[in-house]
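Take a look at the structure below.
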Amino acid sequence: MSFGKGARLHLIDGSAYIFRAYHALPPLTRKSDGLPVGAVAGFSNMLWKYILDQQGSEAPTHVAVIFDHSSKTFRNAIYPEYKANRPDLPEDLQPQFPLTRDATRAFNIACIETEGYEADDIIAALACKARDAGGQVTIVSSDKDLMQLIGNGVTMLDPMKNKLIGPDEVIEKFGVGPDRVVDVQALAGDSVDNVPGAPGIGIKTAAQLINEYGDLETLLARAGEIKQPKRRQTLIDNAEQIRISKRLVELDCDTPLDFTLESLEVKEPEAEALLKFLSEMEFRTLTNRVAEKLGAEAPAVVSAPPSDAPAAPEQPGIDTSLYQNTTDRAALDQWIADIRNIGYVAIDTETTSLDEMQAELVGISLSTAPGMATYIPVGHVAGGDDLFGQTQRVDGQMDLAEVLAALKPVLEDPAILKIGQNLKYDWKILARHGITMAPIADTMLMSYALNAGTHNHGMDELAERYLGHKTIPIKDLIGSGKSQINFGQVSLDKAGRYAAEDADVTLRLYQHFAPMLPTERVTTVYQTLERPMVPVLGQMEMSGIRIDGDTLKRMSNAFAQKMAQLEDEIYELAGEKFNVGSPKQLGEILFEKMGMAGGKQGKTGAFSTSADVLEDLAVEHDLPARVLDWRQIAKLKSTYTDALPTYVNPDTGRVHTSYSIAGAQTGRLASTDPNLQNIPVRSEEGRRIREAFVATPGHKLVSLDYSQIELRILAHVADIPALKQAFRDGVDIHAMTASQMFNVPVEGMDPMIRRQAKAINFGVIYGISGFGLSRNLRIPRAEAQAFIDTYFQRFPEIRAYMDRTVEDAKRDGSVRTLFGRRINTPGINQSGPAAGGARRAAINAPIQGAAADIIRRAMIRMPDAIAHLPAKMLLQVHDELVFEVEDGAVDDLINVARDVMENAAEPAVKLSVPLVVDAGQGMNWAEAH
DNA sequence: GCCCTCACG
DNA sequence: GACGTACGTGAGGGCT
C-alpha cells in the first residue's frame with residue numbers, strides 16, 4: 001500500500017528501549033553459554049507488549065524501530081564535547097546491541113540505523129516525510145529531545161506509562177510549546193548530553209525568557225534589555241555557545257533516508273522465525289507466551305551447553321532414583337547406622353502448617369549423600385475430601401513416637417551435625433516433641449553470610465542458582481488458594497519424592513557452601529552471628545507474649561465508632577459518599593471534584609494522597625485533616641487491634657511471632673506473622689496498643705534498649721573525635737551537634753535548632769541528600785544543602801567515611817561491618833538513578849549492620865546469662881529486647897541483661913565509645929518502654 | 001499480584 | 001534518558 005492519508009506510522013526509539021530494558025533487569029545470561037542477554041530479554045518483552053497493545057482500530061499501518069549507530073555523529077563536528085561525559089557502556093551491554101537488531105527483525109519489524117546519525121535524526125526525518133505525505137505519526141519514546149517534533153499530526157507515546165504526549169504535556173514540561181522547545185533547550189543546556197547552554201539558566205528561566213521575547217534570536221538580539229544584571233551578562237557572553245547548543249539539540253528533516261515509507265508497512269510476525277530466535281535466546285516464558293498467542297507449537301528451549309563449551313558450569317541434574325520411603329523399623333535403623341557412621345545428616349520436617357506452633361508433624365526426610373535420601377511418613381491421612389471430615393490414617397507408615405524415639409539420640413548427639421535449610425522451623429517442630437537438635441548447620445544462613453544483598457536465600461532460589469536444579473513446587477502437591485490441602489493429605493508417593501528432594505538438595509547446598517565460608521572470610525560471621533541465633537530465636541518464638549484480648553476488643557469498638565463519625569463528617573464535606581480508604585477515590589474527590597491545588601500524579605497516573613500531601617492540604621481544608629485522623633485510626637484498627645487477637649495461639653494463649661534471620665540485607669531481623677517490630681509508639685493513641693501486651697500475673701515486662709547505637713557506631717567507625725568525646729561525656733548528642741554547627745550554646749537551645757541537628761544526624765546514617773533532608777525538615781532544598789555543607793565542614797571525618805565506604809563497595813562489590821558481616825552491593829557500579837540508592841545503601845549497611853551484629857551477640861549470650869533468673873527473653877525490636885520476669889527478680893534481670901548488652905561488642909571489637917542501655921519495667925509494654 | 005499507605009527502628 | 005531521592009523492614013486494603 002502506498003503511504004498517504006490514513007496511514008499511521010509508529011517510530012519506536014530502539015535505543016531507549018534497550019537502556020530501559022538493561023537497567024530494569026538483573027544481568028541475565030544465557031544458560032548454555034553465559035552470553036549476557038538481559039537487555040535483549042527486556043527489549044523483546046517490551047516489543048511483544050507493544051505489539052499486543054497495538055491491536056485496536058488505531059493500530060499502526062507502518063512501523064519501524066530506529067537505533068543509534070555506534071559512531072561519532074555530525075554533532076561532534078559542531079561541538080567536540082557533545083555527549084563527551086557519557087560513562088562508558090557497561091561491558092555486558094555492548095555485545096547485546098546486534099542481538100536487539102536481530103530481535104527486531106525476528107518480530108518482522110523494520111530495523112533502521114544510519115552511520116553518522118542518531119536515532120533522533122532519523123526519527124525526525126521520517127516524521128517529517130510521513131507528515132508531509134498526509135499520514136499520522138506516533139513516536140514511541142519518552143525522550144524529551146524528541147518533543148520538538150510534536151504537532152501537525154505527530155504525537156509521542158510513552159511506552160512505559162502507555163500515555164500519549166501532546167502539546168499540553170510539552171508545555172507542562174518545558175513551559176513552551178513544541179515549536180519553541182529547542183530554544184529552551186539551547187538556553188538550559190543538558191548535562192546528560194553535555195550540551196552547554198547558558199550557565200546558570202535552567203528550564204524554568206529559559207521558558208520565561210522565551211515567552212517574554214518570542215524566540216531565541218530575538219532574545220539574543222535584545223539581551224541588553226534584560227533587567228537582571230547577571231542574567232543579561234550571561235546571555236551576552238555566551239551567545240555563541242547558546243547558538244551552538246541550539247544546533248546540537250535541533251532535529252531537522254534532512255537526514256538522508258535510503259528506504260521508502262512504504263517499506264515500513266506492518267507485517268504479521270512469522271511464527272517460525274520469531275520462535276526460533278526466542279528459543280535460541282533461551283527465553284522460556286516469552287517463547288511460550290508468543291507461541292500460545294500465535295497458535296504455534298513452542299520449540300523446546302534447551303540450554304544444554306554445546307559439547308565443546310569450555311567453562312560452562314557443571315549441572316549435574318538430580319538423580320532421584322534412589323529415593324525411598326522408610327516405613328519399617330529395620331530400614332530406619334539402617335539409616336541411623338549410616339548417619340552415625342558418616343557423622344552428619346541433612347534433615348527436613350514436613351508438617352500440616354507453616355505456623356510452627358500449630359503445625360502437626362507428618363514426616364521427616366533425611367539425606368546422607370547426594371542422591372541418597374529417604375522420607376519417613378508418620379502422619380499422612382487419606383485425601384481431604386472425606387464427606388464427614390474424618391481423617392483416615394494411611395497405611396504403610398511408622399508410628400510417630402517410635403520414629404522420634406529412635407531419632408532423638410542422633411538428633412541430640414553432639415558428634416552428629418544436623419544440616420537443614422531454615423532449620424529454625426524444624427528445630428521448633430522437634431522442640432515441641434522434646435527434641436533439642438544440636439549441633440546444627442543451616443544452608444540458608446550460610447548463603448546469607450556469603451550472599452546477603454545479592455539474592456534471597458530460600459531453598460528454591462538456592463537450588464536453581466547453585467545446583468542448576470528446579471525443585472518441585474509445593475503447589476504441585478498441595479494446590480493453592482481455597483482448595484489447598486495440607487501436607488498430611490498428600491499421597492505418600494508424591495510426598496516422599498518432594499520431601500526426599502528437599503533433604504537431598506539441602507545436603508548438596510551444604511557441600512557447595514561449606515568450603516566457601518573460609519575462602520570468602522565469613523566463617524566467623526556464620527558461626528558467631530548466624531547459626532547461634534537458631535536456638536535463641538526458636539526459644540523466644542516459642543515463649544511468645546501474652547496479649548489482653550479484651551483491651552484490644554474495646555479499643556477496636558471505640559475506633560469503629562470514631563471512624564463512623566469521621567466518615568459522616570468527610571461525606572458531608574465532600575458532598576457525597578465514597579470509600580475513604582481508597583486513595584484513588586480520595587484523590588479524585590480532593591483534586592478533581594473539590595479542585596484543591598497540589599495534586600501530584602505518580603507513574604500510574606493516580607494522585608498521591610500520602611500523609612505528606614494531606615498535611616499540606618489540611619492547613620487550608622477540613623476534609624484532608626479528617627482523612628488523616630481517619631487513616632490513623634483505620635490503620636490502628638485493621639493492622640493492630642483487629643489483627644493481633646487472631647494470632648493468639650489457642651494452646652498457649654499467647655502470640656508467637658516468627659523472626660526471619662536472613663530476611664533483611666543488613667543483618668537485622670525481621671518479624672512476621674505478626675510483625676511485632678512495628679507496634680505503634682510514636683503517637684499517643686497508637687502507643688495505647690502496647691498496653692495490651694501484658695505480663696503474666698506475678699510477672700513484669702522489662703524493656704532494655706540501646707541509646708543512639710547507630711550514631712555511636714558511626715562515631716567509632718568514622719573516627720570522629722568530637723562525636724566520640726560527646727558520647728564519652730554523656731551529653732545530649734543532638735544538642736552538641738547543633739551547638740557545633742550553628743555556634744550556639746547547648747544551654748537554653750531553641751528546640752527547633754536541636755530538631756534540625758537531629759534530622760541531620762539521622763540523615764548522615766542514611767547517606768544524606770539535600771533533597772531528602774529538605775523534605776524531612778520541610779525547608780527549602782538550598783537551605784538543607786547548606787546545613788549538610790556546614791555539617792561536613794565541622795565533621796570532615798564523616799565525608800571521608802562515606803567516600804571510603806563507597807570506594808570499598810565499588811572495589812569489592814561489598815561492604816563489611818566491624819564484625820566482618822559482608823553485605824554485597826551489586827548495584828554500586830551501575831550508572832543512573834539506581835546508583836544513588838545503591839550508594840546510600842552501601843553507606844548505611846555497615847552502620848545498621850554493626851548495630852544488628854551487636855544486639856545479636858547480646859541475644860546469643862543472654863540465655864546463659866539469665867539462666868539463674870526466673871526470666872524469659874520474648875522480643876527483639878532492632879535495638880530493644882523485651883523480657884518477662886517474675887516480680888521479685890526485675891532488678892536482677894535488668895542488671896544482668898544490661899551488662900550483657902553494654903558489653904556485647906567485646907571481645908571481638910573494643911569500641912571507642914561506650915554503649916548505653918536504658919531500661920524500663922511495668923505491667924505492660926507501654927509502661928516498660 | 002501490584003500499588004499505595006503507614007506502622008516501627 | 002528519565003527517574004526519583006534518606007536506610008532497613010511487614011501488613012492491610014483497594015483495585016485489576
Side-chain angles (χ1 to χ4, degrees), chain A residues 13 15-20 23-24 83 86 120 141-146 158 160-161 173 190-193 579-587 602-604 606-614 628 631-632 634-640 642-644 657-658 660 663-683 686 689-690 705-706 709-710 759-760 762-777 781 784 788 823 831-849 851-852 855 876-880:
Chain A
D13 183 352
S15 300
Y17 263 40
I18 295 174
F19 281 97
R20 286 249 189 204
H23 289 297
K83 294 201 174 179
R86 280 284 170 88
D120 290 1
S141 172
S142 51
D143 184 349
K144 62 178 167 33
D145 295 339
L146 290 165
D158 181 332
M160 299 314 288
K161 299 173 189 161
K173 182 158 188 67
D190 183 347
S191 59
V192 177
D193 290 348
N579 186 343
V580 184
S582 161
K584 184 165 172 269
Q585 293 180 33
L586 176 64
K603 55 184 160 191
T604 53
F607 290 107
S608 170
T609 66
S610 64
D612 266 13
V613 174
L614 296 188
L628 281 169
R631 282 235 183 112
Q632 194 201 354
K635 174 79 175 179
L636 296 177
K637 183 171 187 292
S638 68
T639 310
Y640 302 105
D642 286 351
L644 282 173
T657 184
S658 178
S660 19
Q665 318 223 351
T666 53
R668 274 195 179 179
L669 302 178
S671 159
T672 64
D673 309 304
N675 181 354
L676 295 186
Q677 291 182 321
N678 73 345
I679 304 301
V681 69
R682 292 174 187 170
S683 78
I689 288 170
R690 295 193 173 215
D705 69 287
Y706 284 106
I709 188 167
E710 292 192 358
I760 300 174
F762 276 107
V764 165
I765 293 172
Y766 300 148
I768 199 157
S769 78
F771 182 93
L773 185 66
S774 82
R775 214 179 48 164
N776 189 286
L777 283 175
R781 204 166 153 175
I788 294 170
I823 296 125
S831 56
R839 199 179 145 275
R840 292 191 294 270
I843 290 169
N844 176 254
I847 303 171
Q848 192 181 110
I855 198 166
Q876 189 250 43
V877 192
H878 308 309
D879 64 358
E880 173 188 9

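Just so we're on the same page: letters track the sequence lines, and every chain starts at 1. Only this structure's heavy atoms are used, side chains among them; waters, hydrogens and symmetry mates stay out.
- In this structure, of dT5(B), dA2(C), dG8(C), it is dG8(C) that holds the atom nearest to the side chain of R668(A).
- Within the nucleic acid shown, A611(A) comes within 4.0 Å of sugar-phosphate atoms alone, with no base atom in reach, counting heavy atoms only.
- Annotation: the span from L777(A) atom CG to I760(A) atom CD1 amounts to 7.0 Å, rounded to 0.5 Å.
- Here D193(A) lies in heavy-atom contact (under 4.0 Å) with sugar-phosphate atoms only.
- Distance check on atom P: dC6(B) versus dA2(C) gives 31 Å, rounded to whole Å.
- Within the 4.0 angstrom heavy-atom criterion, only backbone atoms of the sugar-phosphate kind lie near T609(A); the bases stay farther away.
- Taking only distance into account, the side chain of R682(A) meets the base of dG9(B) through a donor-acceptor pair shorter than 3.5 Å.
- When atom types are taken as modelled, the side chain of R668(A) and the backbone of H878(A) share no donor-acceptor pair closer than 3.5 angstrom.
- The separation of dC4(B) from dC3(C), taken at their P atoms, amounts to 15 Å, rounded to a whole angstrom.
- Dashed line: the shortest gap from a side-chain N or O of R840(A) to OP1 or OP2 of dT5(C) is not under 4.0 Å.
- Counting only heavy atoms from C-beta outward, the side chains of E710(A) and V764(A) never approach each other to under 4.5 Å.
- The same atom, P, is picked in dT5(B) and in dA6(C); the two are 15 Å apart, to the nearest Å.
- Among the heavy atoms of the strands, none lies under 4.0 Å from I765(A).
- Side chains of N678(A) and Y640(A) form a contact here, defined as non-hydrogen atoms less than 4.5 Å apart.
- Between dC7(C), dT5(C), dA7(B), one nucleotide has an atom nearer to the side chain of Q848(A) than all others, and that is dC7(C).
- Taking atom CD of residue E880(A) and atom P of nucleotide dC8(B), one finds them 12 Å apart after rounding to whole Å.
- Taking 4.5 Å as the limit, some side-chain heavy atom of I689(A) sits within range of a side-chain heavy atom of L636(A).
- Paired runs in DNA chain C that reach 3 or more consecutive Watson-Crick or G-U pairs, where each pair keeps both distances under 3.5 Å, cover B:1-9 with C:7-15.
- When heavy atoms are screened at a 4.0 angstrom cut-off, A759(A) is found touching base atoms of the nucleic acid.
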Which letters describe nucleotides 10-15 of chain C, given B = protein heavy atom under 4.0 Å from base, S = only from sugar-phosphate, - = neither? BBSSSS

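- In this structure, L614(A) CG and L586(A) CG are separated by 6.0 Å, a value rounded to the nearest 0.5 Å.
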Could you tabulate the donor-acceptor pairs under 3.5 Å formed by side-chain atoms of residues 832-849 of chain A, not counting sequence neighbours?
residue, atom, partner, partner atom, Å
N844(A), OD1, Q848(A), NE2, 3.3
N844(A), ND2, I765(A), O, 3.0
Q848(A), OE1, T666(A), OG1, 2.7

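- Considering only the side chain of H878(A), dG8(C) comes nearest among dA2(C), dG8(C), dA6(C).
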